[in-house]
Protein chains: 2
Amino acid sequence: MTPHSNQILFHIRKNISPTPEEEQFFVSLLNPLKLRQGEFAEIAGEVTYNFIHVTSGCLMTYYTNKQGTDQVIQFATAGWWTGDLHSLTSQQPSIYTTRALADSEILQLPKVRMEELLERYPKFERYFRIMFQNSLVTHQNRIIEAFTATAEERYHNFQKKYPQMEQYVPLKYIASYLGITPEFLSKIRRKK
Amino acid sequence: MTPHSNQILFHIRKNISPTPEEEQFFVSLLNPLKLRQGEFAEIAGEVTYNFIHVTSGCLMTYYTNKQGTDQVIQFATAGWWTGDLHSLTSQQPSIYTTRALADSEILQLPKVRMEELLERYPKFERYFRIMFQNSLVTHQNRIIEAFTATAEERYHNFQKKYPQMEQYVPLKYIASYLGITPEFLSKIRRKK
DNA sequence: GTAGTGGCTTGAACTAGATTAAGAAATTGA
DNA sequence: TCAATTTCTTAATCTAGTTCAAGCCACTAC
């Protein structure tokens with residue numbers, strides 16, 4: 001049981017009550033990894049789809065469209081899960097990229113391992129059900145915000161939600177997350 | 001076992017294999033309801049939060065902000081689940097409203113009933129986990145679309161996704177779903 | 001009949017935010 | 001140290017989409 005896995009076990013115990021055996025099996029499926037700033041969260045050379053639990057540091061997930069422009073989907077700081085649900089579900093090659101914004105420690109849970117886990121210990125279904133349910137609330141809020149708030153409001157909400165993020169994330173990624181150009185973010189920031 | 005519940009049981013059997021007893025218990029928790037066009041999907045006078053399965057017809061869920069403007073979050077046609085995840089999760093009063101766009105048949109699953117179900121038959125966790133997971137993919141795609149596509153592209157994507165919807169949903173709701181004004185939707189439609 | 005009422009369109013004036021292009025500031029690197 | 005590259009800012013111009021105001025059409029009600 002790596003020190004890495006303490007944090008995630010804490011969360012799991014809050015939602016389900018796994019036996020030591022179940023916990024141990026779960027942890028054995030996790031692939032602990034240290035990432036340097038800028039590194040990608042995929043296993044080099046392996047085409048596999050992962051859930052990623054951020055133990056420390058900060059990751060961002062972005063989508064690259066046909067024109068080659070990036071759209072930042074989410075930031076994930078310590079304690080968060082991230083990953084490519086689309087390819088997890090559809091078996092299509094990933095359309096997202098996940099990178100470390102700072103030196104980070106992560107736990108990968110490859111798709112096939114997750115399936116093994118749920119097959120063997122269905123009790124974990126509950127954990128992921130709750131996780132997805134919460135994530136859905138976040139996503140719904142983001143959709144509402146995208147459609148109803150101005151860029152300036154979205155920026156201020158972002159500052160509230162991620163207070164320290166602005167200091168160590170390049171502004172262009174924040175602009176992308178907010179759905180605006182870096183130039184316009186500059187203009188908003190100057191105002192205040 | 002109402003004829004209503006055949007459709008939903010079909011979906012459930014695809015994902016989990018419930019015993020007749022489990023199925024019967026599940027169905028007993030559902031509250032079948034017929035809605036006339038324009039009616040709300042909540043139980044009158046009761047402050048409760050529901051999941052809603054649409055058996056036939058079409059519902060829409062919208063959010064009303066402080067300024068009193070509505071933002072349509074989603075349409076749900078036959079076979080879909082909808083509902084207010086936010087209040088399901090947070091215990092806050094609902095910020096969403098769900099209404100029938102056409103005469104519809106629905107199955108309500110009140111929050112407390114869902115909890116009973118999962119308590120008694122954890123097997124159903126899997127069903128909801130998969131449901132939320134799929135829903136999350138849809139939401140992620142909608143976020144990407146909101147930030148990267150123009151109003152015109154979003155409109156054409158909408159037409160592909162809901163081919164017959166335009167005929168029986170007032171255009172102003174479609175405009176709201178697309179995040180634009182009815183006037184601008186008019187302009188887009190004229191072009192073609 | 002004709003006086004509402006709600007959904008849809010049209011057009012003119014306006015604005016939030018994009019684009020382009022340039023320069024300043026900070027990082028990197030030999 | 002100085003060039004090179006990347007990040008951030010500023011300002012001018014442009015455009016996708018809004019706002020406002022009016023008119024049209026279909027439907028209902030008296």
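Proteins get letters first, then strands, A, B, ... in listed order; numbering begins at 1 in each. No experiment lies behind these values; they were computed from the predicted model shown.
- With 3.5 Å as the limit, one finds a donor-acceptor pair spanning the side chains of B/Glu105 and B/Ser56.
- Rounded to an integer number of Å, the gap from NZ of A/Lys191 to C1' of C/dA16 is 9 Å.
- Residues A/Thr150 and A/Glu183 each lie close to DNA chain C; by heavy-atom proximity, the contact nearer the 5' end of the strand is made by A/Thr150.
- Around NZ of B/Lys161, the count of heavy atoms belonging to other residues, nucleotides or ligands within 6.0 Å exceeds 12.
- Taking every side-chain heavy atom of A/Ala151 into account, C/dG17 is the closest of D/dC8, C/dG17, D/dG17.
- Taking atom CD of residue A/Glu153 and atom P of nucleotide C/dA16, one finds them 11 Å apart after rounding to whole Å.
- Distance A/Ile180 CD1 to C/dG17 P: 8 Å, rounded to the nearest Å.
- Proximity of A/Arg189 to the phosphate of D/dT9: a side-chain N or O atom is located under 4.0 Å from OP1 or OP2.
- In this structure, CZ of A/Phe184 is placed 17 Å from P of D/dA16, rounded to the nearest angstrom.
- When rounded to the nearest whole Å, the span between CZ of B/Arg154 and P of D/dG17 equals 7 Å.
- Applying side chain to side chain contact (heavy atoms under 4.5 Å, CB included) to A/Leu118 and the options A/Glu116, A/Met114, A/Glu115 leaves one that passes, A/Met114.
- Among C/dA18, D/dT7, D/dT10, the nucleotide with an atom closest to any side-chain atom of A/Lys187 is C/dA18.
- Atom CD of B/Gln164 is surrounded by more than 12 heavy atoms from other residues, nucleotides or ligands within 6.0 Å.
- The CZ atom of B/Arg190 sits 8 Å away from the C1' atom of C/dG11 (whole-angstrom rounding).
- Taking atom CG on B/Leu101 and atom P on C/dG7, their separation rounds to 12 Å, with Å as the unit.
- Phosphate contact (OP1/OP2 of D/dG17, side-chain N/O of B/Thr181, threshold under 4.0 Å): absent.
- The separation between A/Leu185 atom CG and D/dT10 atom P is 12 Å, rounded to whole Å.
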